[in-house]
Chemist: 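This is the structure I want to talk about, given as structure tokens.
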4 protein chains.
Amino acid sequence: MVRYAHAKEDKEARRDNILGAALCLFLQDTRHLPAVASIAAKAGLAKGTVYLYFDTKEQIFAALLSREWDALLMEVEASFAEPFEHKASPIARFIDRFAKFLDSHPYFLRFDSIGYVQVEANLPTDEFWRFKEAFASALDQAGRTVDTSLALSSGTGRHLLIRSYALARGLWQTLDLPERLRNDTRFANYPLANIDFDAELRSALQEYWHGALTLPV
Amino acid sequence: MVRYAHAKEDKEARRDNILGAALCLFLQDTRHLPAVASIAAKAGLAKGTVYLYFDTKEQIFAALLSREWDALLMEVEASFAEPFEHKASPIARFIDRFAKFLDSHPYFLRFDSIGYVQVEANLPTDEFWRFKEAFASALDQAGRTVDTSLALSSGTGRHLLIRSYALARGLWQTLDLPERLRNDTRFANYPLANIDFDAELRSALQEYWHGALTLPV
Amino acid sequence: MVRYAHAKEDKEARRDNILGAALCLFLQDTRHLPAVASIAAKAGLAKGTVYLYFDTKEQIFAALLSREWDALLMEVEASFAEPFEHKASPIARFIDRFAKFLDSHPYFLRFDSIGYVQVEANLPTDEFWRFKEAFASALDQAGRTVDTSLALSSGTGRHLLIRSYALARGLWQTLDLPERLRNDTRFANYPLANIDFDAELRSALQEYWHGALTLPV
Amino acid sequence: MVRYAHAKEDKEARRDNILGAALCLFLQDTRHLPAVASIAAKAGLAKGTVYLYFDTKEQIFAALLSREWDALLMEVEASFAEPFEHKASPIARFIDRFAKFLDSHPYFLRFDSIGYVQVEANLPTDEFWRFKEAFASALDQAGRTVDTSLALSSGTGRHLLIRSYALARGLWQTLDLPERLRNDTRFANYPLANIDFDAELRSALQEYWHGALTLPV
DNA sequence: CATGAATGAGGTTTCATTCAT
DNA sequence: TATGAATGAAACCTCATTCAT
């Protein structure tokens, strides 16, 4: 990493560096947004430098969220856009990939959950709309892909995706418990502690998609 | 309201008073937990008085959440426990009551969302488990009522309820936007702004329950 | 203990009760004055009741201190006033009794030390002077007894006592460490932790009295 | 004073500045540790700035105490280490310098007294040990200088110093009265109010050292 | 571009004391 | 006399952000 990021590519590298540091710290305590000071320290930068790349603390996390959302929606599109294989229906493929994505990005749902509360609440208005519109349009596009793939009426795919994600997010928040309480003796007795998120999600999605596609109008 | 709440009923009234003030303030800015100072002011009390009734700021909100959860789960149980009327299946009745409850308690989902982040993260450990266990056991009971009503295998009802609520919570967080942005001109152009939460939720629940009950094992 | 202390003797018993509770709590954390609430609880009374017997929190501790001072100075007087035994000089007897008293009243020096800072600082003026004058006159009297016993010029005995006590108090503060740090591993390595207060005090007093009585004017 | 203390020397100046402000405020009410807010105000800084230089309020006062202790013990060492002059024995020189130091640092004994109660009780454990060990080792060194100068057996010097200081501290606490009471009419009648601390200390030290060095073992 | 010192609002909690009951 | 609910002034500390260097 250069010391003075004058070139555009160096700047982007530095920006990524900051994002990486923020993510890393967030993973250590997923109910709190890490302090700017600690992000800077982790990135090997001074506090002020972080503010050369982001206007606001929340902007950092909004950027991270956007990045993750893009990745997820690309995954979704791929599930439906890829050439048909006759053994796997695109829906089963979608559920599998969706669940795998969330499983391999354990911070995503935590992040999004905290994002609803902490990030959206403090994001400067402009930034907020940019963030939301990026999300909405990526979602639209993925929804259209679903429509095409499954020959649904326009807009149905988007609904399906929104609800699928709603299920995932809602389940997560119901089942997740703060790390610091995992060692507590009472944890073992907590009935919801033994539910496996991944299995639960797959099962819920199957039920939901089955219902959505078979329910008479 | 008496000045000195000596009698047990007066104490409860005061406690409720504080909870009411907290809720009222929360509704004005649903992404932040109001400060204790403002809760006290709203309730017409001194800051210290609030701490006579609650040990911790988070305890106030945990109490509010518990109270809401109890009300919701009682509603759910009622949907399934009441004598069968042949025109409405218990499921349709459940969906209707569930949606109505959330519609008439607009803060509930916001509250629960912020609760996941702010309340759980800072609640003293003991209080946390009391809170969680109350939730889990009320949920268990409601789940059993569903099992009985629909003649399901044990534990299925609880799953159905968890997923129903997950859907509600997840949808809410996807569709909700901070009040302060409702007046923004860009709001009108935001595609997800025009989706009606109540309708969306009912539709999603119908799809889900239909799927859950018809999906071959 | 009666419920309503109307009779004078009942009142005094209640007052003593409060003093006892205060002392007991103080012994558990000798660097902080216990809270009035905890004193009341320990005494089985309501907070307000304590204020029927003492105007101020500090008054409680001033009363305790006075009581201890009286006991100590009586002990001192006894050392010098008792009939001569030829094997023990009154000085050796004084040192022994003085050290024993402090050893068996472990809270005295702690109390007095904290008293200098916390009690005197907040005692209402009138109360303060009553407290100080009681001390000064008891001291005077004891000093005169020393003068008589040792045939010293007037006022010398008081000096000797003041300085003896100064040595005790100063040594205590130098050697004492907060309880919470006694378990710390670093405690073992702290050179002053191994000095025995009682032995140190006896030795210091012997040196001092020897010097005071032999130093040529 | 520069506005931004980047250079090391500027930082030290600022630190000293804060210490000075703390000391100044302490002198105005020697029984209470001043609030951080007032220290900051006095130093012309924001509250947060103070916390850039000290982790804790108590650390400020521990630093002041350490500084004073170093100065005092250097003075002590100098008394004994300087080349012999035949008119003044090192002991007389020590007593003179010691008394002068305390006379010209009127806050030292007050500070140390309040330190015993307020600082030690609340200092974070690590900081506490650093503080105590600095004291113990400076004391050890000074004690060794005394040993050498007076040809005493090892460890005797330290004892002599501890007891000398105990005498000073104890006398101070016995004779000192809160400023606010100096104007009180009753002050004039208080017998201990007329005792001059400096004279009393010198006399007590002479007696003690004479005794310590002449007492047969 | 990079730094990191300075800012200061903001928030929680404690507790001596009062006073209606 | 006894109670204990109510008070509200402190006090400490954090941290996002600014800005002189």
Side-chain angles (χ1 to χ4, degrees), chain A residues 2-7 10-11 14 33-41 44-58 60 122, chain B residues 2-7 10-11 14 32-41 44-58 122, chain C residues 2-7 10-11 14 33-41 44-58 60 122, chain D residues 2-7 10-11 14 32-41 44-58 122:
Chain A
V2 296
R3 153 111 219 213
Y4 289 83
H6 284 281
D10 289 337
K11 281 188 195 173
R14 177 136 299 169
L33 253 27
V36 174
S38 57
I39 296 173
L45 296 169
K47 242 189 307 186
T49 310
V50 172
Y51 281 88
L52 296 176
Y53 293 85
F54 299 92
D55 294 337
T56 280
K57 179 186 167 178
E58 277 77 20
I60 301 173
N122 301 309
Chain B
V2 297
R3 160 120 216 217
Y4 284 75
H6 277 277
D10 290 336
K11 275 190 201 168
R14 177 132 299 165
H32 294 287
L33 252 30
V36 172
S38 57
I39 295 174
L45 296 169
K47 231 185 318 182
T49 309
V50 172
Y51 281 93
L52 293 178
Y53 291 86
F54 298 93
D55 293 338
T56 283
K57 180 186 168 180
E58 277 77 21
N122 301 311
Chain C
V2 297
R3 155 110 220 217
Y4 287 83
H6 284 282
D10 289 336
K11 281 189 193 170
R14 179 137 297 171
L33 252 27
V36 173
S38 56
I39 295 173
L45 297 168
K47 241 189 310 184
T49 310
V50 171
Y51 281 88
L52 296 176
Y53 293 85
F54 298 92
D55 294 336
T56 280
K57 179 185 169 181
E58 278 77 21
I60 301 173
N122 301 310
Chain D
V2 297
R3 161 118 215 217
Y4 283 75
H6 277 277
D10 289 336
K11 276 191 200 168
R14 177 132 300 166
H32 295 287
L33 252 29
V36 173
S38 58
I39 296 174
L45 296 169
K47 228 185 320 182
T49 310
V50 173
Y51 282 93
L52 293 178
Y53 291 86
F54 298 93
D55 294 335
T56 283
K57 181 186 166 180
E58 276 77 21
N122 301 310

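Remember, predicted model here, so these are calculated numbers, not experimental data. Residue numbering restarts at 1 for every chain, and letters A, B, ... go by the order of the sequence lines.
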Chemist: If you find the nucleotide of DNA chain E closest to D:Gly44 and the one closest to C:Gly48, which residue's nucleotide is nearer the 5' end?
Modeler: D:Gly44
Chemist: Rounded to the nearest Å, what distance is computed from the CZ atom of residue D:Arg14 to the C1' atom of nucleotide E:dT7?
Modeler: 12 Å
Chemist: Figure out the CG/P separation between B:Leu52 and E:dT14, and round it to whole Å.
Modeler: 11 Å
Chemist: Could you give the OH-to-C1' distance, from C:Tyr4 to F:dT1, as a whole number of Å?
Modeler: 6 Å
Chemist: Which is true for C:Ala5 with a 4.0 Å heavy-atom rule: it touches a base, it touches only sugar-phosphate, or it touches nothing?
Modeler: sugar-phosphate
Chemist: How do C:Arg3 and D:Leu33 order along DNA chain F: which one's closest nucleotide is nearer the 5' end?
Modeler: C:Arg3
Chemist: Find the distance C:Asn122:CG to E:dT17:C1' and express it as a whole number of Å.
Modeler: 13 Å
Chemist: Whole angstrom is fine here: how far is it from OH in B:Tyr53 over to P in F:dG4?
Modeler: 13 Å
Chemist: Between the base of E:dT17 and the side chain of C:Lys47, is there a donor-acceptor distance below 3.5 Å?
Modeler: yes
Chemist: Could you measure the distance from the CZ atom of A:Arg3 to the CG atom of A:Leu45? Nearest 0.5 Å is fine.
Modeler: 9.5 Å
Chemist: Rounded to the Å, how far apart are C:Phe54 CZ and E:dC15 C1'?
Modeler: 19 Å
Chemist: Could you measure the distance from the OG1 atom of C:Thr49 to the NZ atom of C:Lys47? Nearest 0.5 Å is fine.
Modeler: 11.5 Å
Chemist: Nearest whole Å is fine: how far is E:dA5 C1' from D:Leu45 CG?
Modeler: 11 Å
Chemist: Whom does E:dT14 pair with, Watson-Crick or G-U wobble, provided both distances fall under 3.5 Å?
Modeler: F:dA9
Chemist: Out of curiosity, A:Ile39 CD1 to A:Leu33 CG, how far, rounded to the nearest 0.5 Å?
Modeler: 7.5 Å
Chemist: Can you see which heavy atom on B:Lys11 is nearest to which on B:His6, and at what distance?
Modeler: CE-O, 3.8 Å
Chemist: Looking at A:Thr49, I'd like to know whether one of its side-chain N or O atoms comes within less than 4.0 Å of OP1 or OP2 on E:dT3.
Modeler: yes
Chemist: Whole angstroms only, please: what is the OH-P distance between D:Tyr51 and E:dT7?
Modeler: 15 Å
Chemist: With both distances kept under 3.5 Å, what pairs with E:dT21, Watson-Crick or G-U wobble?
Modeler: F:dA2
Chemist: Please compare A:His6 and B:Val36 by the position of their nearest nucleotide in DNA chain E and report the one closer to 5'.
Modeler: A:His6
Chemist: Report the distance from atom CZ of D:Arg14 to atom OH of D:Tyr4, rounding to the nearest 0.5 Å.
Modeler: 10.0 Å
Chemist: Would you say E:dG4 has OP1 or OP2 under 4.0 Å from some side-chain N or O of D:Lys11?
Modeler: no
